[in-house]
Amino acid sequence: MLNSNAKMVKGKSNFVLIILAIAFAFILLLLSPVKAEQAKHYTDLKLPPLPEIKIPDYTRYQLDNGLTVFLMEDRELPLVSGQAFIKTGDRLEPGDQVGLANIMGEVMRSGGSKSHPAEQMNELLELRAAAVESSVDSDVGSVSFTALSEDLPEVFGLFAEVLREPIFPQDKIDLAKNQRRGAISRRNDDPNEIAGREFQKLIYGSESPYARTIEYQHLDNISRQDLLKFYQAYFHPNNIILGIVGDFNSQEMRSLIEQQLGNWKPNPNVAAINQSPPVLANPAKPGGIFFVNQPQLTQSYVQMGHLGGQLDSPDYTALSVLNGVLNGFGGRMFNKVRSEKGLAYSVYAYWSPRFDYPGIFLAGGQTRSEATVAFIQAVFSEIEQIRREPITQTELNYAKDSTLNSFVFNFQSPGQTLSRLMRYEYYNYPQDFIFQYQNGVEATTIADVQRVAEQYLQPDKIVTLVVGNDPAIQPPLSSLNPTNNVNSIDISIPEPQRS
């Protein structure tokens with residue numbers, strides 16, 4: 001019996017030892033280094049081809065009152081969203097009432113409608129986890145909604161009320177004006193904001209509708225009657241493009257639109273008042289150097305450039321490829337000015353066109369104060385070089401690939417695609433502009449890039465603006481061009497009038 005027990009104990013001991021050995025081996029396996037695959041250079045990576053851009057099926061039609069409608073069904077989620085583009089913009093507001101259109105666009109929604117005052121409308125939307133928003137930007141007005149499919153009739157009704165029946169209550173107007181007074185008082189807190197604002201004035205002119213700055217006096221000139229007048233001038237069905245995408249039946253959606261917006265009377269004279277104003281109003285002298293002194297700064301904010309062009313230029317695609325060579329993490333500016341020379345925290349250079357008015361060629365970045373002059377010279381040098389010397393085939397391939405890759409991301413969802421189609425309609429661009437652009441980028445050659453660089457980049461016309469600490473900038477900005485004075489810009493904020 002003793003022998004039997006001893007054997008049993010010995011057997012258990014052996015079993016335990018085996019289990020411990022297995023566990024130990026397993027732990028060693030976990031702790032032992034795994035031979036990793038050697039990292040490949042990005043040029044050696046095998047990437048799948050770009051996905052083809054496909055336009056989902058959609059319907060475009062007009063109501064009898066002139067309202068243009070785009071419908072695109074998307075049953076992936078039980079959601080519906082819509083947006084109305086109104087042919088207006090703050091570029092159409094009077095020069096002594098800067099901020100009028102922006103305030104009107106905000107209070108359209110925040111002020112509620114005739115049937116649903118603000119608080120009631122807010123409550124109805126919150127109960128349905130829905131939203132209705134409105135705004136006016138430089139060249140377009142917008143009213144939008146999002147809703148669950150089951151709540152579409154109710155939410156679309158509220159959207160239609162904001163579009164057709166805003167009431168502009170005085171308390172909401174006062175709130176919007178006070179918020180802008182606060183923004184005016186803080187507008188010189190951010191040096192980057194100063195640079196962007198003042199540069200627009202230098203390029204377009206301080207009185208241009210694309211560069212005007214809102215002041216306290218402008219707010220004092222804006223009344224509720226002015227908001228009503230601006231609204232009544234542009235918000236008509238024959239001046240609006242409506243697009244809706246999501247989980248709906250198109251026939252039912254057409255009936256809902258007809259029910260809510262079909263009896264809205266058009267304005268036969270709306271086209272006559274919808275002309276864009278002139279772009280320029282006493283712009284800066286080409287080649288000028290301008291400075292905003294901010295003694296508290298330890299770095300300089302630099303913007304350089306000149307007037308650009310529009311998206312409908314036949315050279316737009318070649319200029320987009322040029323951007324890919326100059327700009328971004330793989331571009332010349334980043335590689336040479338920032339990485340090789342160590343002259344910048346950030347640096348950029350790109351041709352930035354607009355749909356229906358000239359854009360800007362913009363270069364610049366941020367650098368330490370004592371490197372300001374060297375930074376500006378380095379940026380000029382890269383602009384000059386790309387005008388004089390052909391780019392390499394590697395640069396061309398990289399720029400075309402990055403341009404097309406980023407473009408594809410504009411069409412990840414049916415909503416993005418529909419918005420793009422609506423904008424083409426809004427600015428009178430062809431509906432196949434998407435594919436024209438793609439084909440143009442793919443066909444761009446080295447010779448095309450050099451031709452547009454030489455034609456469109458004009459170093460002698462580049463205006464240079466620096467926001468920085470004057471004593472710390474050594475050598476001084478005057479050393480850039482001893483025959484050209486450095487022009488100081490006054491950014492002091494005019495005091496509000498006191499009653």
Side-chain angles (χ1 to χ4, degrees), residues 191-192 195-196 198-200 202-203 283-292 299-309 318-319 321-352 359-392 395 399 449-470 472-489:
N192 209 35
E198 298 302 321
F199 188 75
Q200 293 287 115
L202 294 174
I203 297 299
K285 178 184 176 182
I289 302 172
F290 298 83
F291 182 66
V292 177
Q299 63 186 38
S300 293
Y301 295 75
V302 181
Q303 291 203 359
M304 308 157 59
H306 55 64
L307 198 65
L319 287 161
V321 177
L322 172 70
N323 284 352
V325 176
L326 283 177
N327 204 47
F329 285 108
R332 288 188 179 183
M333 290 293 177
F334 185 91
N335 289 338
K336 296 187 178 181
V337 179
R338 185 183 186 276
S339 298
E340 291 182 15
K341 297 180 180 179
L343 291 173
Y345 305 123
S346 65
V347 63
Y348 50 83
Y350 55 91
W351 185 265
S352 178
I360 294 174
F361 169 64
L362 179 63
Q366 298 172 26
T367 185
R368 59 192 187 278
S369 298
E370 65 274 16
T372 304
V373 169
F375 170 81
I376 294 170
Q377 290 171 332
V379 171
F380 265 109
S381 176
E382 294 304 322
I383 294 170
E384 289 281 12
Q385 183 177 357
I386 203 167
R387 294 178 75 248
R388 292 193 312 264
E389 301 173 11
I391 64 173
T392 66
E395 286 180 310
V449 174
Q450 184 167 22
R451 176 181 59 80
V452 297
E454 187 174 356
Q455 179 179 346
Y456 291 94
L457 305 185
Q458 302 171 352
D460 59 318
K461 293 185 178 180
I462 286 179
V463 172
T464 301
L465 170 67
V466 177
V467 178
N469 182 345
D470 189 20
I473 297 176
Q474 295 297 331
L477 293 176
S478 57
S479 64
L480 287 167
N481 187 348
T483 63
N484 198 349
N485 293 330
V486 176
N487 305 279
S488 294
I489 295 178

For A378 and K341 the tightest heavy-atom approach is CB-NZ, 4.1 Å
Quick check for you: to the nearest 0.5 Å, what is the distance between I376 atom CD1 and L480 atom CG?
5.0 Å
Measure from the side-chain N and O atoms of S352 to the backbone N and O of I360, and report whether any donor-acceptor pair falls under 3.5 Å.
no
Search all heavy atoms of S369 against all heavy atoms of S300 and return the closest pair with its distance.
CA-OG, 4.0 Å
N/O donor-acceptor pair under 3.5 Å between R338 side chain and Y345 backbone:
yes
Side chain to side chain contact (heavy atoms under 4.5 Å, CB included) between L322 and L457: does it pass, once the steps are laid out?
CA-CA 10 Å; L322 172 70; L457 305 185; 4.1 Å; yes
Just wondering, more than 12 heavy atoms not from E454 lying within 6.0 Å of its CD?
no
If every non-hydrogen atom of R387 is compared with every non-hydrogen atom of Q450, which pair is closest and at what distance?
O-NE2, 3.5 Å
Side chain to side chain contact (heavy atoms under 4.5 Å, CB included) for V302 and V379? Distances and angles first, verdict last.
CA-CA 11 Å; V302 181; V379 171; over 6 Å; no
Checking Y301 against V292 for the side chain to side chain contact (heavy atoms under 4.5 Å, CB included) test, could you report, in this order, the C-alpha distance in whole Å, the side-chain angles of both residues, the deciding distance, and whether it holds?
CA-CA 10 Å; Y301 295 75; V292 177; over 6 Å; no
Run through V467, I489, V486, L477 and flag the one making a side chain to side chain contact (heavy atoms under 4.5 Å, CB included) with F290.
I489
F361 CZ to Y350 OH distance, which is reported to the nearest 0.5 Å
10.0 Å
For residues F199 and V463, report the shortest heavy-atom separation together with the two atoms involved.
CE1-O, 3.6 Å
Under a 3.5 Å distance rule, please check whether N335 uses its side chain to pair with a backbone N or O of G330 as donor and acceptor.
yes
Can you measure from CG (N327) to CZ (R332) and round to the nearest 0.5 angstrom?
13.0 Å
Interatomic spacing from OG1 in T372 to CD in E370 - rounded to 0.5 Å:
7.5 Å
Donor-acceptor pair, distance only, cut-off 3.5 Å: does the side chain of T464 make one with the backbone of M304?
no
Could you state the interatomic distance from CD (Q299) to OG (S346), rounded to the nearest 0.5 Å?
8.0 Å
Using the ring of each side chain (for Trp, its six-membered ring), is W351 parallel, tilted or perpendicular to H306, with breaks at 30° and 60°?
perpendicular
Sub-3.5 Å donor-acceptor pair from the side chain of Q366 to the main-chain atoms of A344, do we have one?
no
Kindly determine whether E198 and Q303 satisfy side chain to side chain contact (heavy atoms under 4.5 Å, CB included), including the steps that lead there.
CA-CA 10 Å; E198 298 302 321; Q303 291 203 359; over 6 Å; no
Mind listing the closest non-hydrogen atom pair of P459 and I383 along with its distance?
CG-CG2, 4.1 Å
How close do A374 and L343 get, heavy atom to heavy atom, and via which atoms?
O-CD1, 3.7 Å
Roughly how far apart are L465 CG and N487 CG, rounded to 0.5 Å?
10.5 Å
